[in-house]
Protein chains: 2
Amino acid sequence: MDSIDIEILKLLQKNARVTASEIASEVSLSVPAISERIKKLDSSGIIQKYTIILSTQKMNKNLVAYMFISLKHPNYIEGFVELVENENEIIECDYLAGDYDYLIKIITKDTKSLEAVLNRIKTVTGVQKTKTIVTLSTVKNTYSILPYEDTNM
Amino acid sequence: MDSIDIEILKLLQKNARVTASEIASEVSLSVPAISERIKKLDSSGIIQKYTIILSTQKMNKNLVAYMFISLKHPNYIEGFVELVENENEIIECDYLAGDYDYLIKIITKDTKSLEAVLNRIKTVTGVQKTKTIVTLSTVKNTYSILPYEDTNM
DNA sequence: CTTGAAAAAGCGAGGGA
DNA sequence: TCCCTCGCTTTTTCAAG
């Protein structure tokens, strides 16, 4: 991965549908050279996925909340994770070190739909303790890590 | 937005570089019909952006942490937000209702680089109290809300 | 929404620094 | 190895119905 790859990744992150021709003229290489580099970035797994981000506002999902969850026992992980995977309004779920076991991010329509999700979570077998935090606004969201060269490896 | 648009959004979310031809054969419409629908989903803002998700592992960013932050006074918001925007390793930042003012998500290389980020945050003028939580593993991350029809609007 | 032709983009082979 | 150019195929765009 050199600085040209970084530049390609930046352009794809800004717009994943940018054509190889456009990238080629940006970085002053031929189209096949760009295609070849993208193919390598793909197959090496550096590019995990090409995706679209949907507007929460346009989709009427204006309520963002975080919920901390503790389970009674690791036995209950499997059932809990299954629920997490099936709930479309749970966007993220991390397993934590510390007081609580999990942190999930929920994006939903309003307080009523949030209540419904929270209740489904709280009634999963093994869920012991929860704490919910509602967000007022989102200051930053880059969705992915940014591409840059690692200077201290 | 009808069920065909939903289908298009799902396919784009799975792979934002899928061709209109492929979508067309999936949903049994002509290529121009698909292009026209995508153009509308674009210009209406429903599709917020086409982007790539980079592999944290391949980019050597294997440490995910959350940090809660309280400011002494709303006067300090501007300076804090500026730092947040400039720190590449801060992926998300939400303004909260509750005990703390902000929750940020940090993705970085290791504990050493995390320490560096945390110290930069803690030394921003007006930062009063912080609490950091390290994640052990990521259970789920969809990056965007999912496209589906709203049945109760 | 469709079809069909023109324009653009992408792909693969062969060869050069 | 990485890059180029050239010719061919696929995709996109646009006009007309």
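We name chains A, B, ... by the order of the sequence lines, and we start the count at 1 in each one. Any value given below was found using the heavy atoms of this structure, including those in side chains, with hydrogens, waters and symmetry copies removed.
- A straight line from CG of A:Asp42 to C1' of C:dG10 spans 14 Å, rounded to a whole angstrom.
- Between A:Glu36 atom CD and C:dG15 atom C1' the separation is 16 Å, expressed in whole Å.
- With values rounded to the nearest 0.5 angstrom, A:Ile77 atom CD1 is found 7.0 Å from A:Asp101 atom CG.
- Using a 4.0 Å heavy-atom criterion, one finds that A:Ser30 contacts the bases of the nucleic acid, with or without backbone contacts as well.
- Rounded to an integer number of Å, the gap from B:Asp5 CG to C:dC1 P is 9 Å.
- For the residue pair A:Thr138/A:Asn141, the side-chain donor-acceptor check at 3.5 Å is not satisfied.
- Looking at heavy atoms from C-beta onward, B:Glu26 lies in side-chain contact with B:Leu11 at the 4.5 angstrom threshold.
- Between the side chains of B:Glu89 and B:Thr108, at least one donor-acceptor pair of N or O atoms lies under 3.5 Å.
- What separates CD1 of B:Ile4 from C1' of C:dC1 is a distance of 10 Å, to the nearest Å.
- Side-chain atoms of A:Tyr50 and B:Gln13 form no donor-acceptor pair, as typed in the model, at a separation below 3.5 Å.
- Candidate nucleotides C:dA9, C:dT3, C:dC1 were compared by shortest atom distance to the side chain of A:Thr19, and C:dA9 ranks first.
- B:Lys131 forms no cation-pi arrangement with B:Tyr100, by the criterion of a distance under 6.0 Å to the ring centre and an angle within 45° of the ring axis.
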**Request:** Taking Watson-Crick and G-U wobble pairs with both distances under 3.5 Å, convert DNA chain D into its dot-bracket string, 5' to 3', dots for unpaired and | for cross-strand pairs.
**Result:** |||||||||||||||||
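- Using cut-offs of 30° and 60° on the angle between ring planes, the pair A:Tyr66 and B:Tyr66 is perpendicular.
- In summary, contact between chain A and DNA chain D, defined as any nucleotide atom under 4.0 Å from a heavy atom of the protein, begins and ends at D:dC2 to D:dT5 in the 5' to 3' direction.
- Here A:Phe68 and A:Tyr102 keep their ring centres 6.0 angstrom or further from each other.
- The nearest heavy atom of DNA chain D to B:Glu22 and to A:Ser28 marks one nucleotide each, and the one closer to the 5' end goes with A:Ser28.
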